[in-house]
Amino acid sequence: LLCLWTHLNLMENQNNVTEFVFMGLWENRQLELLFLVLFLLCYLAVLMGNFIILLTITCSHLIEQPMYYFLCHLSLMDLCYTSTVVPRLIRDLGTARKNISYNNCMTQLFTAHLLAAVEIFILVSMAVDRYVAIVKPLHYMVIMNRRGCNVLVFVAWGVGFWHSVALLLMVLSLPFCGPNQIDHYICDVKPLLKLVCKDIHVVSILVIANSGMVVVVIFLVLVASYTVILYNLRTHSSVGRRKALSTCSSHIMVVVLFFVPCIYTYVLPAGSENKDKENSVFYTVIAPMLNPLIYTLRNMEMKIAMGKVWSKMVHSEFKSIG
């Protein structure tokens, strides 16, 4: 439906805008400079934390386990997704004019939605893994083999690509006649719709269907799956229950941290007055920064593997020097 609507409108609309100007998070210059330093530190923490997870998993036996295989992909998505948003945000906080060309804006829109959608379905894959491990433990090795894990990752990329292409085609079909000031710090579909010089009632419904309702449905499915998982833990031993609770609580925290701000942002129509740009900080900066801490501080297996990998690296370094 979305692609059909886009095709019918693509040839009709005129576009007079060649660049957009971000209004940013704050209008206070001193506050922007303060947050420039803060977001720079956050971005460095995202890079370091997720790089450590990637290195630890890929250089240890953990990569053979489905849960850590998906965690590796999640960290990669966090790195890529944050890198499409935060470097430009940091640059814009340090400059007076926060402009972006039309083509670069569309590229950022497509890339951000692609990576965010893939991350969402990686989180779904992690929930599937925990569900099979706890509810159907006897079938775990058959269902969650490497081929099955690869299929889930390919599906995540396929669905993410379909979602972002549909969204991009819809935005490309819209006429932007001016003004060109985006009340945000990134090119996202809702702030862009406010600049369209035609009625956006139908488009807003399509955006809610393509983004908002999909996120809500996935979130409810995840909540239901973790509820079933927690219910089935009653039959496990106390040691197994503690380990499973630790793992599932980490997953639940990450899911809530990412999904709740997304739902608030994309379920409401484009014309509504809400704090979209403030909420988006949670899933573009804060969640990718906290994910490594959540998955490592509460996971003894990750801590042990991390210690082994780093000690091996230090030992090999000293050996090469000697």
Side-chain angles (χ1 to χ4, degrees), residues 20-28 31-32 34-36 38-43 45-46 74 77-78 80-90 92-93 98 100 105 108-123 160 163-164 167 171 181-195 200 203-220 222-223 252-291 293-294:
F20 296 101
V21 178
F22 294 124
M23 293 176 67
L25 281 166
W26 303 276
E27 295 181 3
N28 188 307
L31 198 61
E32 284 192 334
L34 174 66
F35 274 91
L36 183 152
L38 181 62
F39 282 128
L40 179 60
L41 293 174
C42 288
Y43 184 54
V46 169
L74 183 69
M77 288 306 100
D78 279 337
C80 296
Y81 180 56
T82 309
S83 296
T84 64
V85 175
V86 180
R88 179 172 284 276
L89 170 60
I90 293 169
D92 288 343
L93 287 170
K98 306 168 176 58
I100 183 172
C105 182
Q108 188 184 59
L109 173 72
F110 173 80
T111 308
H113 273 268
L114 170 64
L115 296 172
V118 173
E119 179 159 346
I120 284 171
F121 284 96
I122 293 294
L123 289 170
H163 157 78
S164 50
L167 205 62
V171 175
Q181 288 190 319
I182 301 176
D183 187 18
H184 214 293
Y185 61 91
I186 56 173
C187 280
D188 202 4
V189 60
K190 281 185 66 181
L192 283 171
L193 288 182
K194 295 179 181 179
L195 305 181
I200 60 167
V203 193
S204 294
I205 294 171
L206 291 173
V207 168
I208 292 171
N210 183 259
S211 299
M213 295 313 298
V214 171
V215 173
V216 170
V217 170
I218 293 172
F219 179 69
L220 292 176
L222 288 174
V223 169
I252 291 166
M253 279 192 284
V254 170
V255 165
V256 169
L257 197 61
F258 189 86
F259 274 84
V260 171
C262 280
I263 289 170
Y264 183 80
T265 300
Y266 291 105
V267 165
L268 297 174
S272 59
E273 291 297 325
N274 57 345
K275 298 189 178 294
D276 285 352
K277 58 185 178 182
E278 289 84 355
N279 288 325
S280 63
V281 173
F282 281 95
Y283 54 83
T284 57
V285 182
I286 296 174
M289 181 180 67
L290 294 180
N291 285 355
L293 294 175
I294 293 170

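Quick note: numbers below take in every heavy atom, side chains included, and nothing from hydrogens, waters or symmetry partners. No experiment lies behind these values; they were computed from the predicted model shown. Residue numbers start at 1 and run along the sequence shown.
- Scanning all heavy atoms of the two residues, the minimum distance from Ile208 to Val267 falls at CD1-O, 3.5 Å.
- Residue Met253 places its CE atom among more than 12 non-hydrogen atoms of other residues, nucleotides or ligands, all under 6.0 Å distant.
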>> Set out, in order, the CA-CA distance, both residues' side-chain angles and the distance that settles side-chain contact (heavy atoms from CB on, under 4.5 Å) for His184 and Ser280, then state yes or no.
In response: CA-CA 9 Å; His184 214 293; Ser280 63; 3.2 Å; yes

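- Here the straight-line distance linking atom CG of Leu195 with atom CG of Asp183 works out to 9.0 Å at 0.5 Å rounding.
- In this structure, the separation between CG on Leu93 and CG on Leu40 is 10.5 Å, given to the nearest 0.5 Å.
- In plain terms, the two heavy atoms of Cys42 and Val285 that are nearest each other are CB-CG1, 3.7 Å.
- Ala287 and Leu257 get closest at one heavy-atom pair: CA-CD2, 3.7 Å.
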> Can you check side-chain contact (heavy atoms from CB on, under 4.5 Å) on Leu192 and Cys105, steps first, answer last?
Replying inline: CA-CA 10 Å; Leu192 283 171; Cys105 182; 4.1 Å; yes

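- Here the CD1-CG distance, from Ile90 to Leu41, works out to 9.0 Å after rounding to the nearest 0.5 Å.
- Panel note: side chain Thr111, backbone Gln108; no donor-acceptor pair is recorded below 3.5 Å.
- Residues Ala117 and Gly160 approach most closely at CB-CA, 3.5 Å, considering heavy atoms.
- Atom CG of Leu36 is separated from atom CG of Leu38 by 9.5 Å, given to the nearest 0.5 angstrom.
- Between the CD1 atom in Ile186 and the CZ atom in Phe22 there is a gap of 8.0 Å [rounded to 0.5 Å].
- Every residue meeting the side chain to side chain contact (heavy atoms under 4.5 Å, CB included) condition with Val214, not counting sequence neighbours, appears here in chain and number order: Ile218.
- Atom CG in Leu193 sits 9.0 Å away from atom CG in Asp188 (nearest 0.5 Å).
- Looking at His163 and Ser211, their side chains come closer than 4.5 Å, going by heavy atoms from C-beta outward.
- Ring orientation note: the planes of Tyr81 and Tyr283 are close to parallel, at an angle under 30° on the 30°/60° scale.
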>> Applying side-chain contact (heavy atoms from CB on, under 4.5 Å) to Asp92 and Tyr185, what does each step give before you reach the verdict?
In response: CA-CA 8 Å; Asp92 288 343; Tyr185 61 91; over 6 Å; no

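- Considering only heavy atoms from C-beta on, Asn291 comes within 4.5 Å of Glu119 through its side chain.
- When all heavy atoms of Lys190 and Thr265 are compared, the pair lying nearest together is NZ-O, 2.6 Å.
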> Taking it one step at a time, do Phe282 and Val260 satisfy side-chain contact (heavy atoms from CB on, under 4.5 Å)?
Replying inline: CA-CA 9 Å; Phe282 281 95; Val260 171; over 6 Å; no

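- Residues Thr84 and Leu115 are in side-chain contact: their nearest non-hydrogen atoms beyond the backbone lie under 4.5 Å apart.
- Scanning all heavy atoms of the two residues, the minimum distance from Ile182 to Pro191 falls at CG2-CB, 3.7 Å.
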